[in-house]
Amino acid sequence: MAVSPLPAQNGTSEIKLSAAKAKSLAVRTGSMSKPGNQGAATAKAKGAELAEQLNEETRQKYVKGKKLGEGTYAIVYLGHLKDDPQSLVAIKKIKVNTEYREGLAMDAVRELKHLQELSHPNIIALHSVFSSRNQNLNLVLEYLPQGDLEMLIRDVEGIRYGAAEVKTWMGMLGRAVWFCHENFVLHRDIKPNNLLIAADGEIKLADFGLARSFSDPYRGMTSQVITRWYRPPELLFGARFYSGTVDVWSMGMVFAELILRRPFAMGTTDINQLELICQNIGTPNEENWPGVTKLEGYVKFDNLNSQPVKGRDFYLGTFGLIGSVGVDLLMAMLTLDPRKRSTARQVLDHKWWATDPRPTAKRDLPRKGGGPAKMGEDLKRRGGEIEDGPGDKVARKLNFAAR
Amino acid sequence: MSRVPGKKGPVPGRAGEDDDICPVCKSSRYLNQNMKFLINPECYHKMCESCVDRIFSSGPAPCPVAGCGRTLRKQRFRKQILQDIRIEREVDIRRRVNAVFNRRQEEFETLRDYNNYLEEVEILIFNLINKTDVEETEKKIAAYAADHRSTISRNKALAHEESINITAEAEAQREQARIRRAEDLQEEEDERREREEGKRALVERLANSKGNADAIVQEIERAQVKRSSAKGEKANLERRKENAMATQDPFGVTNGSAGAGFKIAGLKKVVEPEIEKDYDPYGGTALEHEYYVFQDQYEHSWLDKARTNPEITTGGYDVGEYCARAMFEAFAGLGCFIEDELGARNVAVDSGTATAAAAMAAGR
């Protein structure tokens, strides 16, 4: 994990750390250079004062409006710039979490750390950050009122789309993931309801609560990431050393879901998810994935359940919509062995983008308009959760204010 | 001439007299009943058909009117439409200029802009009509025509389409009027028949029954009044409905096929016919490394195990990604000038892609 340039890195208590962090983040919105980096104690004190001041300035810049949604992790408000009521933003206020009473929630740190580095049309923009009373962290995010991709996928009756639209959406998603990886960030929670839709139809990758940067060699990462239905087999097998291709698998699952209009593999447990992958895509073995049996969490499936890796014919039958070239891309994204799977760059270099049909223009994309409430719904969620699914064990607060 | 003065009005008479003698060959309508006069929009001198045939059949020739001498072509001779030759000329000029300056109001941001444009055009027309700065004006028009060829032809097509729509609309209205008339006639006919039937019924009843004749007459009359008033109401209702339809009609028509729907199409076309570029999967974002070339393989004994240990590689861990990041971070600070960024701070903080990452790395 890259070291973040914080003034108070060690020797301070947790509370101070969180405060300093929030402040230093607020400073970032004003300028790229961070005060107090020189290390002198006086400079630090001055820096803190300056940080306080800048934080206050930033906070004054925005007006917090209606509550859009509330979850266990965050409350989302609609807001706007004080000088311009037309410039809408979403303000995500991170709750002081019970687990991290003495600091910041990991999700918030991750989200901040990576969103402030990534600026791309297909990634949700973080306008600025400030801390309010009680050291609550507020992220000022781009306002995306058109709902998310999941709504479009689920509305089978109301929304119709074809290969051209799928291509446009996948192109946007592909660019977002590629840009993350090109900047050495693993998103680790790609799924349709983290793909928000901007007013102009652009898809924006949101929720970086599980993101992290590429790990150093010999430094393991947790395998408990990515919402189950979109989790690649290596993570289900407990691999602790993985790469950007985990996101590519999620992309492949989203791709399949866009075509099927239902999740490709809806496992109820991790084991069940593996079974579904075995059935629908193929059972991993030493032949198609050398070394897989050595993985920590490897589960052997008896011969009854084992299936050979599905061939092109199966994919053409199930995903005929995208044509044979598109099926090639899908197969490359849903390859069991992560080393053989396409990288994000290879996905974008695929020849499917150049074949017919041409991707639909942004303005002609079908839209449903989830409205502000849906954005609140999407942002308040904590990473890796399935909405009201079996994986969602945290009791959610009832919110009577939101309709 | 053996014309009796006072028989015709003085002005038409004069015009008639002028009309009747060709200024070139001096032959008059008296000698040639079928004489036709033609003009050429080059100089607007009038001459008879036979003169045109005689002089211009063998190619372009100078105008025979004394002091004119412009080169004219037979092809361009045409009949005079308006009596006053000056107005004829003005109409021609207007038609020509407006064919070039055919901008539409919806192409302008505000009405004022449109009016300003109209005024500019009017100045050009005025110049041409009054022969002031003709050369310069012509040059201007030609330059505009050359510059805006596509817009002009598009607007021309639009106007053409519009005129077709207008004719179609008028046709539809005529058709509706015809139907309404037929219905009215039918109704009148029905009414008349009913009245006659009523009369017949009255006579029959009077003939057959033995009751009070007055009472019977009254009864039948009452029934008739009732029926007719009911009919009147019905007609009223229908008329009202029709009126409502008529008031809605402009919307209906314009929204549907002819007016607004068409206009919107025109507007959309104005928005710029999209140039079909090849789809760029990268969306125009290119991340190039300015200061180093990334190699396929970096040799370091520390990395070897990560490359070969199946525990690490099986999950897909890629040493190449680590190397790319290491290289990026090693060079990320180069080319970042904090002084410059401080200067540009107020302009745009979040503008460039990956600048944040670079600044982060620079601050390490």
Side-chain angles (χ1 to χ4, degrees), chain A residues 2-5 28-34 37 116-122 125 127 167 171-172 174-175 178-179 181-184 213-218 223 232 234-235 237 239-246 289-292 294-295 337-339 341 347-350 353-354 358-359 361, chain B residues 271 274 276-289 300 302-307 309-329 332 336 338-339 341-342 344-346 348-364:
Chain A
V3 185
S4 55
R28 175 246 161 207
T29 63
S31 81
M32 291 301 175
S33 67
K34 295 207 163 50
N37 225 5
Q116 66 176 327
E117 288 190 35
L118 298 170
S119 155
H120 186 270
N122 296 114
H127 291 308
K167 195 179 272 190
M172 292 168 175
R175 280 194 286 282
W178 164 76
F179 192 80
H181 290 182
E182 205 69 8
N183 286 290
F184 317 108
S213 42
F214 287 7
S215 86
D216 292 341
Y218 315 112
S223 58
E234 67 264 29
L235 292 185
F237 284 143
R240 295 176 63 243
F241 302 94
Y242 48 85
S243 71
T245 47
V246 293
W289 186 353
V292 64
K294 304 281 186 310
L295 282 171
D337 187 345
R339 285 163 296 186
R341 205 177 293 152
V347 167
L348 289 189
D349 286 337
H350 200 270
W353 309 108
R358 201 189 151 76
Chain B
V271 166
E274 196 182 315
E276 286 270 305
K277 270 189 289 180
D278 279 344
Y279 180 72
D280 176 15
Y282 289 92
T285 318
L287 299 178
E288 295 292 329
H289 308 300
H300 194 282
W302 182 58
L303 296 175
D304 288 345
K305 253 195 170 170
R307 285 207 180 94
N309 186 354
E311 200 189 314
I312 293 174
T313 55
T314 310
Y317 185 79
D318 183 10
V319 176
E321 283 180 349
Y322 166 73
C323 293
R325 176 165 158 236
M327 286 299 281
F328 176 80
E329 289 182 353
C336 280
I338 292 174
E339 285 299 311
E341 282 191 17
L342 284 178
R345 180 208 289 179
N346 295 333
V349 178
D350 300 309
S351 58
T353 39
T355 48
M360 272 290 265
R364 275 159 67 95

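In what follows, chains are A, B, ... by sequence order, proteins preceding strands, each numbered from 1. Not measured: the values here are computed from a predicted model. Worth knowing before you read on, the calculation uses all heavy atoms, side chains too, and leaves out hydrogens, waters and symmetry mates.
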* To do: Could you tell me which portion of B/A326 (side chain, backbone, both or neither) has an atom closer than 4.5 angstrom to a non-hydrogen atom of chain A?
  => neither
* Name the region of B/D280, side chain, backbone, both or neither, that has any atom closer than 4.5 Å to a heavy atom of chain A. => backbone
Interface moiety of [X] toward chain B, non-hydrogen atoms closer than 4.5 Å:
X      : value
A/P290 : backbone
A/P359 : side chain
A/L348 : both
A/D349 : both
A/W353 : both

* Asked: Among A/R341, A/R175, A/E234, which residue forms the greatest number of heavy-atom pairs with chain B at distances under 4.5 Å?
  -> A/R175
* Take A/Y218 and B/L303, measure what side-chain contact (heavy atoms from CB on, under 4.5 Å) needs, and give me the verdict at the end. => CA-CA 9 Å; A/Y218 315 112; B/L303 296 175; 5.6 Å; no
* Evaluate the criterion side-chain contact (heavy atoms from CB on, under 4.5 Å) for residue pair B/R325 and A/D216; output intermediate values, then yes/no. => CA-CA 9 Å; B/R325 176 165 158 236; A/D216 292 341; 3.4 Å; yes
* Structure fact -> Heavy atoms of A/R358 and B/Y279 approach each other most closely as NH1-N, 4.0 Å
If you round to the nearest 0.5 Å, how far is [atom2] of [Y] from [atom1] of [X]?
X      : Y      : atom1 : atom2 : value
B/E311 : A/F241 : CD    : CZ    : 6.0 Å
B/T314 : A/Y242 : OG1   : OH    : 15.5 Å
A/S243 : B/I312 : OG    : CD1   : 13.0 Å
B/Y317 : A/R240 : OH    : CZ    : 12.5 Å

* Is the B/F328 ring parallel, tilted or perpendicular to the A/F184 ring (thresholds 30°, 60°)? -> tilted
* Asked: Going through the distances and angles, do B/Y322 and A/F214 end up as a ring pair (Phe, Tyr, Trp, His ring centres under 6.0 Å)?
  -> CA-CA 7 Å; B/Y322 166 73; A/F214 287 7; over 10 Å; no
